[in-house]
Amino acid sequence: MLETITVRVFRGDANGGEEKEYRVKTFPGMVVLDAIHQIQAEQDSTVACRWNCKAAKCGSCSAEINGKPRLMCKSRIEDYYGEDGIIRVHPLKTFPLIKDLVTDVSWNYKTAEKIAPLSVSSGVPRPFRMQQVDVERVQEFRKCIECFLCQNVCHILRDHNRKDGYFGPRFMVKLASLDMHPLDEIDRRAQLHSEAGVGYCNITKCCEELCPEHIHITDNAIIPLKERVADEYYDPLKKVIRLIFGRNGRKMPVSSSSKK
Amino acid sequence: MSSYTAQSREPGRAPLPMTDRQDRWWVQPVLIVATLVLFGIYAGFRAFENNFYETRQLIESQPGLQAAPLYLSPFYSPPLHHLIASWPAALSPALFLVIFPLSFRGTCYYCRKAYYRAFFWDPPACAVAEIRDRARMKYSGETTLPFVVNNFHRYALYLILVYVVFHWYHLYEAFHYVDAAGSVKLGYFGLGTLIFGLDAVLLSLYVFSCHSWRHLIGGGANNFSRSPIRLKLWQIVTTLNKRHGLYFWLSLATVGLADIYVRLVASGIIPDLAVRL
């Protein structure tokens, strides 16, 4: 392990900026967030970064390390510096920059408000009793720490900037956790098909590849949701079956206006 | 060190260069393009060739041969030229038959990832910007033509199931041979039989690990406790599904290998390595 490394940190705001170089002393087990903290403490207290738990559970310290979206607190420095001993740390590129490594992720919270919460009939006795096999699938989705790395790497939001048409992988996971919930009474397919824009996803799986919680975002959430939407909108055979036999206990759809 | 100005397409966003990644992110797309293009060229050549796709006629064309295996190239399966008596000899059945495996693979969720990344660079790799200035184009993903047809993947699945049955039937046939008198007998095991076995197994693993199959078999349910059989089936398919991409490539390789082997044997370039029981 090198005794000192060079950390190039993006310094700037909405008007632009540039990389600034800092020499940092290393220690065993050091992560990129340690390096940023060392810079703040010893060299430049004006470097802005968002962090909280330093345990990969709060999802605050998302950044791009050598171009790869990562949690700074979970990224060992030796995995990132090469022979030149340089690590580059940049802010998330999908959201508006506030300062240095801090971006404005509030679009995500506004998007979350468009999703109706779990809706259970008043006739279902409280507390809810569910079989483990029924909730096991959605428990995976509950691991999400909302670091928004998946939102950041999703090319629909990042490159195409289609925040007007697609909720992003984080909220596909959220919708999957609700639509697959055994007690939820809302059919979310209409919202998925229209406002949430599941059809925009072209399954390139970057969200799944970098999820720090290892949630199988594409395989277990987005693709099953696409298939559920296909049941409703792209399967003439199922449509005929529904016409003959009715909805057969299926949840009833709600319009996308009643989300709060 | 680079300096940037903020992006114009959305005020205040951090700069979006091609990529800051320093690893060899381009290797995977290049390998995928090379493999699929080579396979496509070979498959096209074989489909138009309309020859050397079965080995049973070797007993007539090679005097002195004691046994000819009953191999049929997977590119020419199901054997329309046998099933439809009036099939014109000049028309290669493979040109028609290729449509269905192509539609299954083309709409496959794994393959979509592969070709969107490798061929369309949409994106070429994670956190690597797309080359074209797509800010001017309204991205619509799989909501409009042509890619909206990917939503009909399950129909391609229904059709490919017929092919899977035929691949197993061809494996069964590969245990047979035609003797010098022209009668078909059981009790043959050749290198081709082994390749056909691999092909049938890997194609089945690929098809039955399909995401649409996983949904249809049980993934659409929310109350597994009420349908334990669906749960069990869904769990099995889920286990297979984790290696769907691997099965995609392996089954593609064995289909190609089976055809190459049949061509080599049928054209007399190599004899079939076999034992008769």
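Numbers restart at 1 for each chain; the letters A, B, ... are given by sequence-line order, proteins then strands.
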Among B:Y155, B:F224, B:W25, which residue forms the greatest number of heavy-atom pairs with chain A at distances under 4.5 Å?
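When all of B:Y155, B:F224, B:W25 are compared, B:Y155 has the most.
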
Identified side-chain hydrogen bond (donor to acceptor under 3.5 Å, both in side chains) counterpart of A:E227 within the set B:H211, B:H215, B:R214, B:R154
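It is B:R154, the one option of B:H211, B:H215, B:R214, B:R154 that forms the side-chain hydrogen bond (donor to acceptor under 3.5 Å, both in side chains) with A:E227.
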
Side chain, backbone, both or neither: which part of [X] has a non-hydrogen atom closer than 4.5 Å to chain A?
{"X": "B:S140", "result": "backbone"}
{"X": "B:F147", "result": "neither"}
{"X": "B:A114", "result": "neither"}
{"X": "B:N150", "result": "neither"}

Pair B:E130-A:R158, salt bridge (Lys or Arg N to Asp or Glu O under 4.0 Å): steps then yes or no:
CA-CA 10 Å; B:E130 296 164 17; A:R158 184 185 177 96; over 6 Å; no

Evaluate the ring planes of A:Y200 and B:Y139, with Trp represented by its six-membered ring, and classify them as parallel (under 30°), tilted (30 to 60°) or perpendicular (over 60°).
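If you compare the ring of A:Y200 with that of B:Y139, the planes turn out tilted.
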
For [X], look at atom [atom1] and say whether over 12 heavy atoms of other residues, nucleotides or ligands are found less than 6.0 Å away.
{"X": "B:R243", "atom1": "CZ", "value": "no"}
{"X": "A:F128", "atom1": "CZ", "value": "yes"}
{"X": "A:K174", "atom1": "NZ", "value": "no"}
{"X": "B:F100", "atom1": "CZ", "value": "yes"}
{"X": "B:I229", "atom1": "CD1", "value": "no"}

Salt bridge or not for A:E208 and B:K242, using N-O below 4.0 Å?
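No.
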
Rounded to the nearest 0.5 Å, what separates atom [atom1] in [X] from atom [atom2] in [Y]?
{"X": "A:H155", "Y": "B:C126", "atom1": "NE2", "atom2": "SG", "answer": "10.0 Å"}
{"X": "B:E142", "Y": "A:Y234", "atom1": "CD", "atom2": "OH", "answer": "9.0 Å"}
{"X": "A:I203", "Y": "B:C108", "atom1": "CD1", "atom2": "SG", "answer": "10.0 Å"}
{"X": "B:D20", "Y": "A:N66", "atom1": "CG", "atom2": "CG", "answer": "8.5 Å"}
{"X": "A:C201", "Y": "B:R112", "atom1": "SG", "atom2": "CZ", "answer": "8.5 Å"}
{"X": "B:L216", "Y": "A:D231", "atom1": "CG", "atom2": "CG", "answer": "7.0 Å"}

Counting only non-hydrogen atoms closer than 4.5 Å, does A:D164 touch chain B with its backbone (N, CA, C, O), its side chain (CB onward), both, or neither?
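Contact with chain B involves the side chain of A:D164 alone.
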
Based on non-hydrogen pairs under 4.5 Å, which of [options] is most in contact with chain B?
{"options": "A:V153, A:L237, A:N152, A:I223", "answer": "A:I223"}
{"options": "A:V135, A:N202, A:V133", "answer": "A:N202"}
{"options": "A:V198, A:D235, A:D219", "answer": "A:D235"}

Would you find a donor on one side and an acceptor on the other, under 3.5 Å apart, between the side chain of A:R228 and the backbone of B:G219?
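It does hold such a pair.
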
Any donor-acceptor pair under 3.5 Å linking the side chain of B:R21 with the backbone of A:K68?
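A pair under 3.5 Å: no.
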
So, A:H216 versus B:N241: side-chain donor-acceptor pair below 3.5 Å or not?
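No, no side-chain donor-acceptor contact under 3.5 Å.
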
For residues B:N222 and A:R137, determine if any side-chain heavy atom of one lies less than 4.5 Å from a side-chain heavy atom of the other.
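Heavy-atom side-chain distance check passes, below 4.5 Å.
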
Heavy-atom check, side chain of A:H160 versus side chain of B:D122, under 4.5 Å:
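Yes, close enough: below the 4.5 Å cut-off.
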
What pair of heavy atoms forms the shortest contact from A:C206 to B:A125, and how long is it?
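Shortest heavy-atom separation between A:C206 and B:A125 comes out as SG-C, 4.3 Å.
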
